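To start, the structure itself, in structure tokens.
Everything numeric in this text was worked out from a predicted model, so none of it was measured.
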Amino acid sequence: MTIEWQALEHEEVEHTTDWFWALGIIVVASSVTAIIFSNYFFAFILILSGVMLGFFATKKPDMVTYELNDKGLKINNQFYPYKNIKSFWVQTEPKPTLFLKLDRFYMPMISIPIEEQAAEEMKDLLLEKEVIEEEMKEHVSEKIMNTLGF
């Protein structure tokens, strides 16, 4: 059995001019404070971070192709075999999401938007492949980023 779907890599958030003004004011004020305290490297890092935040805020999300098949999960060109998936959780409310806990140090948990009608099929396939079902929720950092408009 193969389940294929596409979704945006993240929800697109429209940023107003006021949002960019607030970002600029915060970055400039923080950088000036760092310069006053003779911390020039920190000021440079703050400015660089502000520019990067502004850039990523204007970037449109890419469309990502997902495929859950008999061997594992394929996300675009990256493949995760079932042996590397420790556990999963299929959430239907408030938005349909597939959470996966992976066997890796960096980004051990990923959340994938799914279509509600495919949720039960995915759950059945993952259980059939003996992946452990474990309740998971959106990470606190993701909630904070969503609140800040990222």
Would Phe55 end up clustered with Val28 when hydrophobic side chains under 4.5 Å apart are linked, directly or stepwise? no
When you compare the side chain of Val64 with that of Ile75, does any pair of heavy atoms fall below 4.5 Å? yes
Partners passing side chain to side chain donor-acceptor pair (under 3.5 Å) against Lys74 (at least two apart in sequence or in another chain): none
Please check if the number of heavy atoms outside Lys60 that lie under 6.0 Å from its NZ is greater than 12. no
Check whether any side-chain heavy atom of Met63 sits under 4.5 Å from a side-chain heavy atom of Leu8, and report yes or no. yes
CG (Leu127) with more than 12 external heavy atoms under 6.0 Å: yes
Search all heavy atoms of Gly72 against all heavy atoms of Tyr82 and return the closest pair with its distance. N-CE1, 3.2 Å
Measuring from atom CD of Gln6 to atom CD of Glu115, what distance do you get when rounded to the nearest 0.5 angstrom? 9.5 Å
Start with the C-alpha distance between Ile114 and Thr97, add both sets of side-chain angles, then the distance that settles side-chain contact (heavy atoms from CB on, under 4.5 Å), and finish with yes or no. CA-CA 5 Å; Ile114 60 173; Thr97 308; 5.6 Å; no
Find out whether Phe88 and Leu102 are in side-chain contact, i.e. whether some heavy atom of one side chain is under 4.5 Å from a heavy atom of the other. no
Indicate yes or no: at least one non-hydrogen side-chain atom of Phe20 is less than 4.5 angstrom from one of Thr58. yes
Going by the rule side chain to side chain contact (heavy atoms under 4.5 Å, CB included), which residues pair with Asp124 if we only count those two or more places apart in sequence or in a different chain? Glu120
Distance check, rounded to the nearest 0.5 Å: Phe42 atom CZ versus Ile35 atom CD1? 11.5 Å
For Asp103, enumerate each residue passing the side chain to side chain donor-acceptor pair (under 3.5 Å) test, keeping only those at least two apart in sequence or located in another chain. none
In this structure, OG1 of Thr2 is separated from CG of Asn69 (nearest 0.5 Å) by 5.0 Å
Criterion side-chain contact (heavy atoms from CB on, under 4.5 Å) on Ile110 and Ile112, from CA distance to verdict: CA-CA 7 Å; Ile110 57 175; Ile112 302 169; 4.1 Å; yes
Do other residues, nucleotides or ligands put more than 12 heavy atoms under 6.0 Å from Met52 CE? no
If I take atom CD1 from residue Ile3 and atom CG from residue Leu126, how far apart are they, to the nearest 0.5 angstrom? 8.0 Å
Determine, step by step, whether Lys129 and Asp70 satisfy the side-chain contact (heavy atoms from CB on, under 4.5 Å) criterion, reporting the C-alpha distance in whole Å, the side-chain angles of both residues, the deciding distance to 0.1 Å, and the verdict. CA-CA 8 Å; Lys129 296 299 177 183; Asp70 290 332; 4.0 Å; yes
Should we count NZ of Lys123 as having more than 12 external heavy atoms under 6.0 Å? no
Could you measure the distance from the OG atom of Ser31 to the CD1 atom of Ile47? Nearest 0.5 Å is fine. 4.0 Å
Could you measure the distance from the CD atom of Glu134 to the CG atom of Leu100? Nearest 0.5 Å is fine. 11.5 Å
Do Phe41 and Val32 sit in the same hydrophobic cluster, where Ile, Leu, Val, Met, Phe, Trp and Tyr count as joined when their side-chain heavy atoms come under 4.5 Å apart? no
A side-chain contact here means heavy atoms from C-beta on lying under 4.5 Å apart; do Glu4 and Leu68 qualify? no
Quick check: are there more than 12 heavy atoms from other residues, nucleotides or ligands sitting under 6.0 Å from CZ of Phe79? yes
By the rule that ILVMFWY residues connect when side-chain heavy atoms come within less than 4.5 angstrom, directly or transitively, which residues belong alongside Trp89? Phe99, Met109, Met136
Not counting sequence neighbours, which residues clear side chain to side chain donor-acceptor pair (under 3.5 Å) with Glu121? List them please. none
Within the structure provided, determine whether Trp5 and Met122 are in side-chain contact (heavy-atom separation under 4.5 Å). yes
Going by side chain to side chain donor-acceptor pair (under 3.5 Å), name the residues that satisfy it together with Thr33, two or more places apart in sequence or in a different chain. none
Neighbour count >12 (heavy atoms, 6.0 Å) for atom CD, Glu130: no
Side-chain donor or acceptor of Asn76 paired with backbone N/O of Thr65 under 3.5 Å: yes
Can Asn39 and Phe44 be said to form a side-chain contact (heavy atoms from CB on, under 4.5 Å), step by step? CA-CA 9 Å; Asn39 198 339; Phe44 172 75; over 6 Å; no
